A.B. asks: 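Take this structure, written in structure tokens, and hold onto it; I'll ask about it next.
Values in this document were obtained by computation on a predicted structure and should not be read as measured data. Lettering follows sequence order; numbering is per chain, from 1.
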Number of protein chains: 2
Amino acid sequence: MSKKRSTIRDVARRAKVAPITVSRVVNNSGYISTETRQRVEAAIQELNYIPNTLAQSLRHQKTNMVALIVTDITNPFWTTVARGVEDVCNAHNVNVIFCNTDEQQQKLDNYVNLLMQRQIDGLIIVPTEGYAGEMLENMLANHVPSIILDRILPDWHHHTVVRGDSVTGGYILTKHLLDLGHRRIMMLSGSSSVSTGLERAEGYRRALLEYGVTPDPALLRFGKFTQQSGYDITIEMLDRIHPRPTAILTANNFIAVGSQKALDDRGVDIPGEISLATYDDLPAQLNPRPFLTTVIQDPYAMGQEAAQRLITLLTDSSSHPIQDIVLPVRLIIRASTAPPRQT
Amino acid sequence: MSKKRSTIRDVARRAKVAPITVSRVVNNSGYISTETRQRVEAAIQELNYIPNTLAQSLRHQKTNMVALIVTDITNPFWTTVARGVEDVCNAHNVNVIFCNTDEQQQKLDNYVNLLMQRQIDGLIIVPTEGYAGEMLENMLANHVPSIILDRILPDWHHHTVVRGDSVTGGYILTKHLLDLGHRRIMMLSGSSSVSTGLERAEGYRRALLEYGVTPDPALLRFGKFTQQSGYDITIEMLDRIHPRPTAILTANNFIAVGSQKALDDRGVDIPGEISLATYDDLPAQLNPRPFLTTVIQDPYAMGQEAAQRLITLLTDSSSHPIQDIVLPVRLIIRASTAPPRQT
DNA sequence: CTGAAAGCGCTTACAG
DNA sequence: CTGAAAGCGCTTACAG
């Protein structure tokens with residue numbers, strides 16, 4: 001049963017040529033007489049020969065594989081990013097390995113190590129929250145081209161970063177609520193050890209100040225980028241803060257789902273009693289009733305951009321100035337935000 | 001800049017030993033004197049040495065990599081399956097490559113080919129709709145252990161299959177609606193060239209017959225497993241079929257979202273005017289208001305089961321009776337189904 | 001147009 | 001406990 005697959009030597013023997021000749025046929029390189037080519041192709045057919053990429057890669061010192069490491073594969077945001085990365089890479093004959101860290105630094109370090117062992121050509125990495133491991137140095141020491149995606153970390157000066165404009169995103173969401181007349185606006189951000197969590201909160205603060213509203217520390221909360229976190233903080237707020245805010249702003253789609261659920265559970269009408277606006281959308285496929293006012297990044301474009309940068313790094317390793325690419329965001333107004341009720 | 005990574009020879013030279021000795025240290029195999037081990041480990045540190053898995057795999061004739069090929073990476077059902085696969089495989093020190101076909105046979109064939117070239121140890125495959133390519137023969141000819149997931153195809157007798165019990169699922173969903181008193185029940189299935197689409201419809205038919213209801217061909221429609229398909233068919237039904245059905249049954253989560261959206265757009269109250277029940281849930285993280293009555297499979301368990309079977313195939317290649325593993329389904333009743341309105 | 005030799009980085013099988 | 005030789009499957013660089 002477990003017969004061995006045929007190798008280039010088997011084909012060569014059968015076609016009565018040297019292995020290198022088979023190689024030339026398979027790769028369409030160099031000159032081959034038509035007659036020889038046909039004999040070789042016949043042998044390939046008969047033996048079901050499939051070239052061994054491991055051996056090719058070992059010889060070429062190049063695998064044509066890159067990896068994309070994200071923090072949460074269950075978030076459609078990241079699967080859409082993955083699509084963008086994959087489409088660009090495939091167009092360049094590069095395969096993409098997709099990895100998921102669950103925000104755990106150890107998983108990230110593990111993956112990077114593993115992928116370097118597998119001689120990956122390049123990496124696109126979303127760092128885990130508060131990342132402080134040694135992977136970066138390691139990658140530099142081993143000359144692995146890489147792009148950092150979505151989040152910046154203090155000491156990553158040596159890498160090109162592709163990310164959304166989180167400060168502006170937080171700013172225009174808050175401005176939208178302020179323009180509707182809200183003054184008590186609560187922000188549920190993600191982790192304070194992730195740059196996007198901090199920057200979205202910073203945009204919120206800037207908008208408030210611009211409108212002469214003094215930020216109330218009780219109304220800015222950091223948590224996690226999860227449904228549970230959004231739910232818990234919203235419930236806590238409803239129970240403890242008086243007067244309640246008239247609007248809530250969440251820093252990603254999962255937090256928004258949790259917050260909306262909490263408001264529902266407590267019978268709070270959206271937007272009648274509290275307006276709800278969020279960063280990042282839910283994909284239309286999963287969302288029969290798009291309801292939340294939202295600032296969207298374009299995750300597909302983000303993936304494309306990151307992949308394009310990486311491909312450039314790989315092919316043209318000379319010209320790689322380190323850049324900080326900041327992609328634009330856009331506001332979509334829906335039914336979940338309205339002027340505050342008159343009291 | 002693009003200095004080469006260090007190899008086992010570099011380490012050996014530095015530690016003044018033979019490469020094989022370094023290999024023994026790295027792999028913890030054979031006896032090494034403490035003193036030699038320390039010298040080698042120091043050299044490994046200093047040179048930032050990382051073993052090259054390509055070379056190891058080439059030598060071992062084993063990559064410790066398997067692949068999971070699904071039809072739609074944007075469906076949370078499949079990302080959850082992926083989790084199950086990954087967790088089981090990682091526990092066995094096997095890495096998983098995750099691939100997506102978009103239901104396109106050509107992409108599937110491409111991936112299988114590519115993965116075989118990369119000397120993948122095994123495959124878990126969700127066949128694309130109406131699959132009729134040559135990949136199967138190819139895989140058999142090249143002795144690639146594989147598991148077929150979720151869907152059966154006519155001539156796949158040589159492979160173990162892991163799938164949900166679609167006939168029963170369709171049956172209990174329909175029975176639930178019948179028990180509520182519905183008699184005009186419409187089924188929106190997926191593709192008729194996918195076994196799950198056919199079997200869920202078959203379950204529907206059986207339940208109807210059991211309750212003495214003659215299946216109305218106008219009320220059974222095949223389409224695609226997408227939101228668009230669910231939307232279009234529902235709109236068409238609302239415009240053309242009189243009297244309208246009092247209940248709709250959809251064959252997966254995406255179709256349900258489309259159908260729900262269509263009913264909303266036409267101002268049809270669920271379940272007041274039409275009850276809606278579906279196969280497969282939306283994940284809680286994305287769903288602030290779980291509303292649809294649903295038959296669920298356990299996608300995580302499905303992934304685990306498939307991975308477990310594959311691992312067994314890989315480690316114990318002697319004992320591999322071909323099996324058809326059918327996993328149970330379960331009904332969850334929510335607010336989207338109710339008795340039909342009295343007329 | 002075709003091929004023999006050497007080597008990519010590692011490890012098996014044998015020796016000592 | 002350590003090492004020299006050979007080979008995994010392929011391709012580069014050289015020859016003819």
A.B. asks: If only side-chain N and O atoms of B:S23 are considered, is one of them under 4.0 Å from the OP1 or OP2 phosphate oxygen of C:dC10?
C.D. replies: no
A.B. asks: Do you know which two heavy atoms are closest between B:L115 and B:C99, and how far apart they sit?
C.D. replies: CD1-SG, 4.2 Å
A.B. asks: Looking only at side-chain atoms of A:N52, point me to the closest of D:dT11, D:dC10, C:dT11.
C.D. replies: D:dC10
A.B. asks: With no hydrogens and no angle check, do the side chains of A:R118 and B:N95 hold a donor and an acceptor under 3.5 Å apart?
C.D. replies: yes
A.B. asks: My understanding is that only residues two or more places apart in sequence, or in another chain, count here; which of them pass salt bridge (charged side-chain N to carboxylate O under 4.0 Å, His left out) with A:R13?
C.D. replies: A:D10
A.B. asks: Would you mind reading off the distance between A:Q61 atom CD and D:dG9 atom C1', rounded to a whole angstrom?
C.D. replies: 15 Å
A.B. asks: Atom CZ of B:R9 and atom P of C:dC10: how far apart are they, to the nearest Å?
C.D. replies: 10 Å
A.B. asks: What is the distance from NZ of B:K16 to P of D:dC1, rounded to the nearest Å?
C.D. replies: 23 Å
A.B. asks: Can you tell me whether the side chain of A:R24 and the base of C:dG3 have a donor-acceptor pair closer than 3.5 Å?
C.D. replies: yes
A.B. asks: I want to verify a distance call: between C:dT11, C:dG9, C:dG3, whose nearest atom is closest to the A:I20 side chain?
C.D. replies: C:dG3
A.B. asks: Of the listed nucleotides (D:dG3, D:dT11, C:dG3), which one gets closest to any side-chain atom of A:T21?
C.D. replies: C:dG3
A.B. asks: Would you say a side-chain N or O of B:T36 is under 4.0 Å from OP1 or OP2 of D:dT2?
C.D. replies: yes
A.B. asks: Compare the minimum distances between each of D:dC1, C:dG9, D:dC10 and the side chain of A:T7, then state the nucleotide with the smallest one.
C.D. replies: D:dC10
A.B. asks: Of the nucleotides C:dG3, D:dA4, C:dG9, which has the atom closest to the A:V17 side chain?
C.D. replies: C:dG3
A.B. asks: Any heavy-atom pair between the side chains of A:V162 and A:L327 that's under 4.5 Å?
C.D. replies: yes
A.B. asks: Figure out the CZ/C1' separation between B:R39 and D:dC1, and round it to whole Å.
C.D. replies: 12 Å
A.B. asks: Output the single nucleotide from D:dT11, C:dT2, C:dC10 whose closest atom is nearest the side chain of A:S33.
C.D. replies: C:dT2
A.B. asks: So what does A:A18 touch, heavy atoms closer than 4.0 Å: a base, only the sugar-phosphate, or nothing?
C.D. replies: sugar-phosphate
A.B. asks: Whole angstrom is fine here: how far is it from CZ in B:R118 over to C1' in D:dG9?
C.D. replies: 15 Å
A.B. asks: Should we count CD of A:Q106 as having more than 12 external heavy atoms under 6.0 Å?
C.D. replies: no
A.B. asks: Could you state the atom-to-atom distance from CG of A:D10 to P of D:dG9 in whole Å?
C.D. replies: 8 Å
A.B. asks: Report yes if at least one side-chain N or O of A:Y31 is closer than 4.0 Å to OP1 or OP2 of C:dG3; otherwise report no.
C.D. replies: no
A.B. asks: Among the nucleotides D:dG9, D:dA6, D:dC10, which one has an atom lying closest to any side-chain atom of B:R59?
C.D. replies: D:dA6
A.B. asks: Would you mind telling me which residue lines up with the more 5' stretch of DNA chain D, A:S6 or B:E35, judged by nearest nucleotide?
C.D. replies: B:E35
A.B. asks: Check this for me, if you would: do A:R151 and A:E103 make a salt bridge, where the nitrogen-to-carboxylate-oxygen distance has to be below 4.0 angstrom?
C.D. replies: yes
A.B. asks: Sort by first number and list every stem of DNA chain D: at least 3 consecutive Watson-Crick or G-U wobble pairs, both distances under 3.5 Å.
C.D. replies: C:1-3 with D:14-16, C:5-12 with D:5-12, C:14-16 with D:1-3
A.B. asks: In whole angstrom, give the distance that lies between atom CD1 of B:I8 and atom P of D:dA4.
C.D. replies: 14 Å
A.B. asks: Does either side chain, that of B:N100 or that of B:Y111, offer a donor lying less than 3.5 Å from an acceptor on the other one?
C.D. replies: no
A.B. asks: Could you state the atom-to-atom distance from CZ of A:R5 to P of D:dC10 in whole Å?
C.D. replies: 11 Å
A.B. asks: Can a side-chain donor-acceptor contact be found between A:S29 and A:N27 if the only test is distance below 3.5 angstrom?
C.D. replies: no
A.B. asks: Quick one: is A:Q56 getting a side-chain N or O under 4.0 Å of the D:dT11 phosphate, OP1 or OP2?
C.D. replies: yes
A.B. asks: Closer than 4.0 Å, any side-chain N/O of B:Q119 to the OP1 or OP2 of D:dC8?
C.D. replies: no
